[in-house]
Engineer: 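The structure that follows is given in the form of structure tokens.
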There are 2 protein chains.
Amino acid sequence: MRGFEGATVDRIAARARLNKAMIYYHFHGKKDLYRTVLRSIFTTMGDGLAAIASSNAAPADKLDRFVAAFVAEGQARAHVAPIMLREIAEGGRRLDEETYTVMVRVVRAMTGIITEGRAAGQFGPVDPILLYLTTVWPIVVYLATTPIRNALARVAQFDVGRLDPERFIAHLQMLNRHAVMPAAAGAGPAGELS
Amino acid sequence: MRGFEGATVDRIAARARLNKAMIYYHFHGKKDLYRTVLRSIFTTMGDGLAAIASSNAAPADKLDRFVAAFVAEGQARAHVAPIMLREIAEGGRRLDEETYTVMVRVVRAMTGIITEGRAAGQFGPVDPILLYLTTVWPIVVYLATTPIRNALARVAQFDVGRLDPERFIAHLQMLNRHAVMPAAAGAGPAGELS
DNA sequence: GTCTATATCGGGATAGAC
DNA sequence: GTCTATCCCGATATAGAC
């Protein structure tokens, strides 16, 4: 919630009922600990999502499940979404190649489903990366904004209930279902760009 | 790029060719300066986007233009997207009510277009807030990831060219066009949720 | 209003005992 | 392996001269 800088090694040690020096004994430094934790988290998430991608359900069903599973995984680990956003905001400065590699498995899980659907002729010509962008990142922001939604709602006066997880998931699934419809995606004029 | 904590008052002053003490003379502190800048930025962005929303084009066209304009505004101010992501990640701790109010104008610009389209019977029953979430936040992430896209592409081996702004904008416009189609949105079974 | 010099403090990292 | 005490630096903020 307060980020890499906000988490002091003292507090981390206290939370783990350890002494600060132990952290420096087991890890090369704060950043090394951070990367280790991230690799662990994204390995777990990647496993679950890759399992969905490689199941033998229909691609369209996998896509729906991917969305629901990503939301569920994110809710079960509420600290992950803010971390992802912060890393993006900071240009991924703190990540090393190995951590990137682990994260990319999540991307592949989703793009694999789409590629499969296209190869099977069940999906139209939608770009996997673009659909990944418009699927995963609203989820991450949705998850990360959960704590402040009330604060914003007070100012904006919208009904928070409309943003409950089930409705949000259904909305995303609806968007994706249309996006992958054969002969629906890339087609059509792009509209005014300026 | 390095966030609120990463930007030292010394460097800010140097960049402005001023002395650090001057900043503390004109503002109550670093946070006060930060809020003032954010209010200014979002006022400008809100003006442009509200102008699109209140123009007398058709709602569907406004939606397309909103997407293109948001991307353009974001590109013209490359530092804004990371700031938005970081603020979300930190639970909006640094924002005060006044800053929230200014930011909400951007939300209203988009939701207003959808509400108008629905009232005119041109849009189906899509939720304005949900469509805002799935429209604006992919854009913000897209903008914020521009610097690291190459690093990721190297590991993931995808073609970066597929992510150029025009294609991205067209993809989002396509998604939204389908989402607001009468009798297309909220309709249909939601699929498996677990 | 504009500057230099400095107070102050929090946090990463380590020395060194046991 | 595990701890306490400490070094050290960088950053916010202010005092006070001009």
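Below, chain A is the first sequence line, B the second, and so on; all start at residue 1. Every heavy atom of this structure was used, including side-chain atoms; hydrogens, water molecules and symmetry mates were not.
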Engineer: Looking only at side chains, do A:D96 and A:T99 share a donor and an acceptor under 3.5 Å apart?
Structural biologist: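 Short answer, yes.
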Engineer: Test the A:R94-A:Y34 pair against the cation-pi criterion, namely NZ or CZ under 6.0 angstrom from the six-membered ring centroid and within 45° of the ring axis.
Structural biologist: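 That pair qualifies as a cation-pi contact.
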Engineer: Does B:E90 come within less than 4.0 Å of A:R86, counting only side-chain N to carboxylate O?
Structural biologist: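 Salt bridge between B:E90 and A:R86, a charged N being under 4.0 Å from a carboxylate O: yes.
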Engineer: Does the Lys NZ or Arg CZ of A:K30 fall within the cation-pi geometry relative to A:F4 - under 6.0 Å from the ring centre and within 45° of the axis?
Structural biologist: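 Relative to the ring axis of A:F4, which defines the angle, A:K30 lies inside both limits.
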Engineer: Can you name the residues that form a ring pair (Phe, Tyr, Trp, His ring centres under 6.0 Å) with A:F168, not counting sequence neighbours?
Structural biologist: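 By the ring pair (Phe, Tyr, Trp, His ring centres under 6.0 Å) rule, A:F168 matches A:Y142.
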Engineer: Do nucleotides 1-17 of chain C as a string where each nucleotide becomes B, S or -: B if the base has a protein heavy atom under 4.0 Å, S if just the sugar-phosphate does, - if no protein is that close.
Structural biologist: BBBB------SBBB---
